[in-house]
Amino acid sequence: MPSTTKPAPIWHPSPNFGPRRDGLTPTLIVLHYTAMDSAQAALERLCDPQAEVSAHYLIGSDGMLWQMVREEDRAWHAGAGEWHGQTDINSRSIGIELDNTGAHPFSDLQMATLETLLPQIMSRWAIPPEGLIGHSDMAPGRKSDPGAKFDWQRLERQGLAAKRGTETAPVGISYDNFRTLARAAGFTADVPNETLLSAIRLRYRPWGIGPLAPADFKALSPASRTT
Ligand SMILES: [Zn+2]
């Protein structure tokens, strides 16, 4: 289980935020990688008014935690996209940037800080494990972070991310059936079949290649969301 010790975030305010719209409060947490060479470089960019991007938190590869935007406010990290049929994800979420280029594994120190931070956010806003998503989940094709190197199953085991299904594939291996399962899991963005498949593989089986296969249905099976 995650430690109950609170990491003290280093307050490094970004000017890039606004009020959440329509009185919305966070119901999602969106994970990102920075795709930059260092946490310092990411911090500068996320606080640069010219860049017009931000996130609530940044976690360095050494586990260092910065906070740039108050959780009450709307940070600019998600952009265009959709999850469970809902848009304006920035108004509905907390954004966490992980210092990683996308090409290498996430360090244990970094994961440990994330695993301490997540339960605190989830408890403050009553966000269930199902509310933790990747940027690529809500913006299939447009975004690919936190990417193939991110260990979702590590978070699933701790109850910090929705558990994946374990059922074998349904009878019909068709994109119609695949899209139905995907929509029920939250992947509602209107994208081509192959783009959707790529996004779902990024989350559940990044080693998957080739055409739609029975294994692609497994993680999305309804059993994954009954517990
Ligand atoms: Zn991102």
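No hydrogens, no waters, no symmetry mates; every other heavy atom, side chains included, goes into these values. Just so it is clear, the structure is predicted and the values come from calculations on it, not from any experiment.
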*Starting from the C-alpha separation in whole Å, work towards a yes-or-no answer on side-chain contact (heavy atoms from CB on, under 4.5 Å) for Glu82 and Met138.*
CA-CA 5 Å; Glu82 186 176 317; Met138 53 141 292; over 6 Å; no
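Residues Gln67 and Trp11 form a side-chain contact, since some pair of their non-hydrogen atoms from C-beta on lies under 4.5 Å apart.
With hydrogens and angles disregarded, a donor-acceptor distance shorter than 3.5 Å links the side chain of Thr116 to the backbone of Ala112. In terms of modelled atom types and a separation under 3.5 Å, the side chain of Arg179 and the main chain of Leu196 share no donor-acceptor contact. Between the Asp99 side chain and the Leu58 main chain, no donor and acceptor come within less than 3.5 Å of each other. Formation of a donor-acceptor pair under 3.5 Å by the Asn16 side chain with backbone atoms of Asp48 is found in this model. Under a 3.5 Å cut-off, the side chain of Asp62 and the backbone N or O of Met64 do form a donor-acceptor pair. A distance-only check finds no donor-acceptor pair linking the side chain of Thr195 to the backbone of Val191 [under 3.5 Å].
Under 3.5 Å, the side chains of Arg92 and Thr27 contain no donor-acceptor pair of N or O atoms. Side chains of Asp88 and Ser91: a donor-acceptor N/O pair is present below 3.5 angstrom, by distance only. Side chain to side chain, Ser93 and His56 fail the donor-acceptor criterion of an N or O pair below 3.5 Å. A side-chain N or O of Trp125 and one of Glu71 form a donor-acceptor pair less than 3.5 Å apart.
The side-chain tip of Arg164 does not point at the ring of Trp152 from less than 6.0 angstrom away and within 45° of straight on.
Looking at Val30, Leu117, Thr113 one by one, the single match for side chain to side chain contact (heavy atoms under 4.5 Å, CB included) with Ile96 turns out to be Leu117.
Salt bridge Glu167/Lys218: absent, no basic N to carboxylate O contact under 4.0 Å. Taking the charged nitrogens against the carboxylate oxygens, Arg20 and Asp73 have no contact shorter than 4.0 Å, which rules out a salt bridge.
Separating the CG atom in Leu24 from the CG atom in Asn90 is a distance of 11.0 Å, to the nearest 0.5 Å.
Within 6.0 Å of the CZ atom in Arg45, the count of heavy atoms belonging to other residues, nucleotides or ligands does not exceed 12.
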